[in-house]
A.B. asks: 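Before anything else, here's the structure in question.
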2 protein chains.
Amino acid sequence: MSAIDEGKMTDEHRRILVVDDEPQITRVLRTTLSAQGYDIRVANDGEMALELMKNWTPHVVITDLAMPNLDGVGLCRQVRQMSQVPIIVLSVRGQDRAKVEALDAGADDYVTKPFSMNELLARIRAQLRRTPAAEQQPSAITAGDFSIDLDARSVKVAGNEVHLTPKEFDLLVYLARRPGKVVTHRTLLAAIWGPNSVEQPEYLRVFVGQLRKKIEIDPSSPKYLLTEPWVGYRFESGL
Amino acid sequence: MSAIDEGKMTDEHRRILVVDDEPQITRVLRTTLSAQGYDIRVANDGEMALELMKNWTPHVVITDLAMPNLDGVGLCRQVRQMSQVPIIVLSVRGQDRAKVEALDAGADDYVTKPFSMNELLARIRAQLRRTPAAEQQPSAITAGDFSIDLDARSVKVAGNEVHLTPKEFDLLVYLARRPGKVVTHRTLLAAIWGPNSVEQPEYLRVFVGQLRKKIEIDPSSPKYLLTEPWVGYRFESGL
DNA sequence: GCGATCTTTACGAACATTTTATGGAACCTT
DNA sequence: AAGGTTCCATAAAATGTTCGTAAAGATCGC
């Protein structure tokens, strides 16, 4: 009944990942947040959260600090390797030190338990408010002979459709969204394979090779998918 | 003496607007934040803050709630009409309702007084962290015939593009970011090769030579990449 | 079990960096 | 002013990484 609900309610279909090992917490969050119209998924620890995020990218992450396997601070660090998604830490620990550590590890907000649900909801809204740009992504990318349909996950080169595997597609899209910009190996690996794969540049070599075989006219002298030696790769939208 | 740590100054030159009518608060914030390297301006109420922001756009706004003329919530609404700048509300009022109202009015964070300065600093860092790169650093450096595109990692001299290796690129960028300023051998070596390579000036000679071959019209009488004998090198942006 | 996809391995070629060598210029001492 | 020393520029050899490619194992879904 707060006085401030003027029809700005575009919160539907926003995905929230809740990470906590205490069932009481996850249960109440799941029901409350679901009632607000959010899509909720729950993970019981940091590792599980990372695993989940490979296939399901949330708009906000809410995480506890104390967890088995991978704690909240570690989770923040790992997530920041691959994503800018807002992270709200929810913890019983209220000391400066804990807050500073979490915030500097990549968290965007820190709420101490016990917390007011109204406040948490408002903080979620505040976080969601400034990520509309990410959601307004075009459903298609075109560049030169290229057209990438993001909804259908299909790619056409000079008229004819080519079939790409999921990872090939993700890789191409990630680069094609940043035309002309060099993306480092680390960034690319973290974004496509997850933050644990940051030290496996072989993946990139293999998949870039595969991609070039499919989308380049002459794979041995690529026009679109270019190597920036010792640094990374970049996508050029046809010269 | 000790190694010059140029890499750690990302928070410098960030502008923070403090809005509060209590002199004790503004005084302590001004001194503490200034000591951190931020540029601080103070306004005593919301109206004054808006006036100030016409000519001086901050990277973060920190505001009290209770103020004459225009209070914190009103300030949030007005600011949101024209800017996405992060707003941190600082207030003695700790009730849900106040928090929800402020956050829904456009605030990004809410801290209750009395507050821990360490926590506030961390929250400021968290807010600054996600302001888009466009605001932080130019993605291009231009100087005379030069243009360096940091995203594309490409360098153009008088129209034609030259390809630089990673170390060459890093070296040039480091110097070009400080035009006219002499950078000592030690500093350069520490910055590009790491603090363990401070005693290997041969690297510099070799790489400066290669850079000159690529970017100077007459490498034997350089125009841009100049030697400061016995001290270091400096970049001049074309006389 | 089968096909598609992903992961892992291996190796020659291409490339960047490090090391070494040489000649010349600038500085210091006497 | 001569000799010795340190620094600078350049070239080129030696070393070490990375890249592209192919192909063999591992994994997943049906």
Side-chain angles (χ1 to χ4, degrees), chain A residues 51-52 54-55 153-155 162-175 182-194 196-234, chain B residues 153 155 162-175 182-186 188-194 196-234:
Chain A
E51 193 59 35
L52 229 159
K54 284 184 184 172
N55 305 316
R153 291 183 74 85
S154 72
V155 177
V162 294
H163 172 76
L164 300 184
T165 71
K167 285 245 155 63
E168 289 168 2
F169 185 82
D170 291 345
L171 185 57
L172 179 62
V173 167
Y174 193 95
L175 289 167
V182 176
V183 183
T184 65
H185 298 135
R186 284 185 64 88
T187 306
L188 221 38
L189 285 164
I192 311 295
W193 277 269
N196 298 328
S197 312
V198 163
E199 308 291 342
Q200 254 88 356
E202 315 87 53
Y203 294 172
L204 284 178
R205 292 206 299 276
V206 173
F207 275 79
V208 166
Q210 217 102 33
L211 257 177
R212 293 214 258 239
K213 263 198 280 190
K214 293 185 177 181
I215 65 174
E216 297 280 0
I217 300 154
D218 177 5
S220 60
S221 66
K223 260 176 60 185
Y224 302 110
L225 202 44
L226 304 181
T227 302
E228 196 68 31
W230 308 84
V231 183
Y233 293 90
R234 74 175 196 275
Chain B
R153 292 186 77 89
V155 177
V162 293
H163 182 80
L164 302 183
T165 70
K167 286 240 157 65
E168 290 167 2
F169 186 81
D170 292 346
L171 185 57
L172 179 62
V173 167
Y174 192 95
L175 289 166
V182 177
V183 183
T184 66
H185 298 137
R186 288 183 63 89
L188 266 180
L189 285 163
I192 310 295
W193 277 269
N196 299 328
S197 312
V198 164
E199 308 292 340
Q200 253 91 350
E202 315 88 52
Y203 293 172
L204 282 179
R205 292 205 295 276
V206 173
F207 275 81
V208 166
Q210 282 182 330
L211 257 178
R212 287 193 182 137
K213 259 197 286 189
K214 292 186 177 181
I215 65 174
E216 298 281 0
I217 299 153
D218 178 7
S220 59
S221 66
K223 259 176 60 185
Y224 303 110
L225 202 44
L226 304 181
T227 303
E228 197 69 21
W230 308 93
V231 184
Y233 293 90
R234 74 174 196 278

A.B. asks: Between C:dT7 and A:Trp193, is there an OP1 or OP2 to side-chain N/O distance shorter than 4.0 Å?
C.D. replies: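 Checking C:dT7 against A:Trp193, a side-chain N or O does come within under 4.0 Å of OP1 or OP2.
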A.B. asks: Please work out if A:Pro201 contacts a base, only the sugar-phosphate, or nothing of the nucleic acid, heavy-atom cut-off 4.0 Å.
C.D. replies: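 Touches nothing.
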A.B. asks: I need the CD-P distance between B:Glu199 and D:dT6, as an integer number of Å.
C.D. replies: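 Taking atom P of D:dT6 as the reference, CD of B:Glu199 is at 15 Å.
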A.B. asks: Starting at the 5' end of DNA chain D, which residue's closest nucleotide do you reach first, A:His185 or A:Lys213?
C.D. replies: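 Looking at DNA chain D, the more 5' nearest nucleotide goes with A:His185.
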A.B. asks: Nearest of C:dT18, C:dT5, D:dT21 to any side-chain atom of B:Phe207?
C.D. replies: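 When the side chain of B:Phe207 is considered, C:dT18 is the closest of C:dT18, C:dT5, D:dT21.
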A.B. asks: Supply the atom-to-atom distance A:Tyr224 OH to A:Ile215 CD1, rounded to the nearest 0.5 angstrom.
C.D. replies: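 One gets 8.5 Å once the value is rounded to the nearest 0.5 Å.
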A.B. asks: Report the distance from atom CD of B:Glu228 to atom C1' of C:dA26, rounded to the nearest whole Å.
C.D. replies: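 Interatomic distance, CD of B:Glu228 to C1' of C:dA26: 14 Å.
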A.B. asks: May I have the distance from B:Arg153 (atom CZ) to C:dA16 (atom P), rounded to whole angstrom?
C.D. replies: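 Distance, rounded to whole Å: 12 Å.
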A.B. asks: Just by modelled atom types, is the A:Leu225 backbone N or O under 3.5 Å from a matching donor or acceptor in the A:Arg212 side chain?
C.D. replies: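 Side chain of A:Arg212 to backbone of A:Leu225, a donor-acceptor pair under 3.5 Å: yes, one is there.
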A.B. asks: Report which part of the nucleic acid B:Tyr233 touches: base, sugar-phosphate, or nothing (heavy-atom distance under 4.0 Å, all strands).
C.D. replies: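 Sugar-phosphate, no base atom in range.
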A.B. asks: Name the closest nucleotide to the B:Trp230 side chain, picking from C:dA26, C:dT19, C:dC6.
C.D. replies: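 So the nucleotide nearest the side chain must be C:dA26.
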A.B. asks: If I take atom CD1 in residue A:Ile192 and atom C1' in nucleotide C:dT5, what distance separates them, rounded to the nearest angstrom?
C.D. replies: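 Atom CD1 in A:Ile192 sits about 16 Å away from atom C1' in C:dT5.
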A.B. asks: When the distance from CD of B:Glu202 to P of D:dC7 is rounded to whole Å, what number comes out?
C.D. replies: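 Rounding to the nearest Å, CD of B:Glu202 and P of D:dC7 are 11 Å apart.
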A.B. asks: Of the listed nucleotides (D:dG20, D:dT18, C:dT7), which one gets closest to any side-chain atom of A:Lys167?
C.D. replies: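 Of D:dG20, D:dT18, C:dT7, C:dT7 is nearest to the side chain of A:Lys167.
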A.B. asks: In Å and rounded to the nearest 0.5 Å, what is the OH to CD1 distance from B:Tyr203 to B:Ile192?
C.D. replies: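 The distance works out to 13.5 Å.
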A.B. asks: Are the ring centres of B:Phe169 and A:Trp230 closer than 6.0 Å?
C.D. replies: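 No, ring centres 6.0 Å or more apart.
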A.B. asks: Whole-Å distance between D:dT15 P and B:Gln200 CD?
C.D. replies: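 Taking CD of B:Gln200 and P of D:dT15, I get 17 Å after rounding.
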A.B. asks: Nearest to the side chain of A:Val206, heavy atoms from C-beta on, is which of C:dA16, D:dT21, C:dT18?
C.D. replies: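 Within the option list, the nearest is D:dT21.
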A.B. asks: Measure from the side chain of B:Tyr203, starting at C-beta and using heavy atoms only, and say which of C:dT18, D:dT10, C:dA26 lies closest.
C.D. replies: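 Among the listed nucleotides, the one closest to the side chain of B:Tyr203 is C:dT18.
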A.B. asks: What heavy-atom pair brings B:Ile217 and B:Lys223 nearest, and what distance separates the two atoms?
C.D. replies: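 Closest approach of B:Ile217 to B:Lys223, heavy atoms only: CD1-NZ, 4.2 Å.
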A.B. asks: With respect to the phosphate group of C:dT17, does any side-chain polar atom (N or O) of B:Thr165 fall under 4.0 Å of OP1 or OP2?
C.D. replies: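 Yes, within the criterion.
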A.B. asks: Any idea which of C:dT17, D:dC19, C:dC6 is nearest the A:Thr227 side chain?
C.D. replies: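 Nearest nucleotide to the side chain: D:dC19.
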A.B. asks: Round to the nearest Å and state the distance from B:Leu172 atom CG to C:dA16 atom C1'.
C.D. replies: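 Result: 17 Å.
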A.B. asks: Return the 5'-most residue of the pair B:Gln210, B:Arg205 with respect to DNA chain C, ranking by each residue's nearest nucleotide.
C.D. replies: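 That would be B:Gln210.
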A.B. asks: Could you tell me how far apart B:Leu189 (CG) and D:dC7 (P) are, to the nearest whole angstrom?
C.D. replies: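 Going from B:Leu189 (CG) to D:dC7 (P), I get 13 Å.
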